[in-house]
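All remarks here apply to the structure that follows.
So you know, we letter chains A, B, ... as the sequences are listed, proteins then strands, and number each from 1.
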Number of protein chains: 2
Amino acid sequence: MSKQELAVLGQDDANGCCPGLLTTPLGEEQAVKLAKVFKALGDPVRLRLLSMIASRESGEICVCDLTPAFDLSQPTISHHLKLLRQAGLIDCERRGTWVYYWLLPEMTDKLASLLTRPGQPAEAAS
Amino acid sequence: MSKQELAVLGQDDANGCCPGLLTTPLGEEQAVKLAKVFKALGDPVRLRLLSMIASRESGEICVCDLTPAFDLSQPTISHHLKLLRQAGLIDCERRGTWVYYWLLPEMTDKLASLLTRPGQPAEAAS
DNA sequence: CCTCTATGTTGACGAACTTCGAAGCAAGAT
DNA sequence: ATCTTGCTTCGAAGTTCGTCAACATAGAGG
């Protein structure tokens, strides 16, 4: 359940991953990979899901705690979680009856640094 | 041409804008606003456009320099530029015959800080 | 005025996305 | 074994998106 087919921004990229986005024109291939991640973030439901998952003290959260926060069917939530997982933003594991999700901080860190300008040593939001 | 209808993440938000995304569950309204920006980034063509605009020494670039970099019709490029503009990521101005675009760093800074974890003082990508 | 070049806008069409209900699967309880 | 609960997958409906051709607009230069 954990293995995903999408490597998106793999650490094994040719030119040391990503030259910066705001400093060097992005290549087409990298643009395609990056776009998939941003697209995954481009939906209010998925943003809230990610936020709920990431902001848990314990580091993980059960699907059964996510679903009731939305006016959506369970299949729909499951679908959105799948997209976040395929984007490399989260991962999950089944433990007995329940499935737990957690954040993969490498990806959000990567995005943050890509969006950070050379001069601007971005600090966490207020 | 410069005025846009979308305030997205306005500085005049109620609770000081955005509580962090990775530290506090995102409210529905904020999620909707944020999603529009990420959705604008969720396309390879728009990512490359933004990258080309942002990485210009002069700080601005003419549409006539953007269009030939893509295998797309000029109206399509124009359409993507419009979406980036409505997302608050870029702005433009007509000077004589040509139209120039430039980055609005406030938005990318905002996104970077939203994706930055409390402990992690993100630095610009390599 | 008219023409030419550079961009933006409109309308249309196929592809992709969001959502749901129904069905499937996995694990615990009876 | 069977039932129940939690979650995912499947198939279909409605909506949104990316793209282009055609048309519209703005300014430069006759």
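- Hydrophobic cluster membership of A:V32, counting Ile, Leu, Val, Met, Phe, Trp and Tyr whose side-chain heavy atoms lie under 4.5 Å apart directly or via other members: none, as it forms a cluster of its own.
- Listed by first then second residue, pairs satisfying side chain to side chain donor-acceptor pair (under 3.5 Å) with a partner in residues 53-69 of chain B read B:E60-B:R95, not counting sequence neighbours.
- A single hydrophobic cluster is not seen to contain both A:I61 and A:Y100; linkage of ILVMFWY side chains at heavy-atom distances under 4.5 Å, directly or through other members, places them apart.
- Both A:D43 and A:T97 sit near DNA chain C, but only A:D43 has its closest nucleotide nearer the 5' end.
- Taking side-chain N and O atoms only, B:K39 has a distance below 4.0 Å to OP1 or OP2 of D:dC17.
- Between A:R46 and C:dT18 there is a side-chain polar atom (N or O) within less than 4.0 angstrom of OP1 or OP2.
- At whole-Å resolution of the value, NZ in A:K82 and C1' in C:dT19 are 15 Å apart.
- Under the 4.5 Å side-chain contact rule for hydrophobic residues, B:L83 and B:V37 do not share a cluster.
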Let me check something: any side-chain donor-acceptor pairs from residues 39-50 of chain A under 3.5 Å, sequence neighbours excluded? List them with distances.
residue, atom, partner, partner atom, Å
A:D43, OD1, A:V45, N, 2.8
A:D43, OD1, A:R46, N, 3.3
A:R46, NE, A:A40, O, 2.7
A:R46, NH1, A:H80, ND1, 3.0
A:R46, NH2, A:K39, O, 3.2
A:R48, NH2, A:A69, O, 3.3

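- We find that A:R85 and A:D91 are not joined by a salt bridge, their nearest charged nitrogen and carboxylate oxygen being 4.0 Å or further apart.
- With sequence neighbours excluded, the residues that form a side-chain hydrogen bond (donor to acceptor under 3.5 Å, both in side chains) with B:T76 are B:S73.
- The separation between A:K36 atom NZ and D:dG18 atom C1' is 16 Å, rounded to whole Å.
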Could I get a table of every N or O pair under 3.5 Å where one atom is in the protein and the other is in nucleotides 20-25 of chain D?
residue, atom, partner, partner atom, Å
D:dC20, OP2, B:S73, N, 2.9
D:dC20, OP2, B:S73, OG, 2.9
D:dC20, OP2, B:T76, OG1, 2.6

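- Applying the 4.0 Å criterion to OP1 and OP2 of C:dG8, one finds that B:Y101 has a side-chain N or O inside that range.
- Of the residues in residues 50-62 of chain A, those with a non-hydrogen atom less than 4.0 angstrom from any atom of DNA chain D are A:C62.
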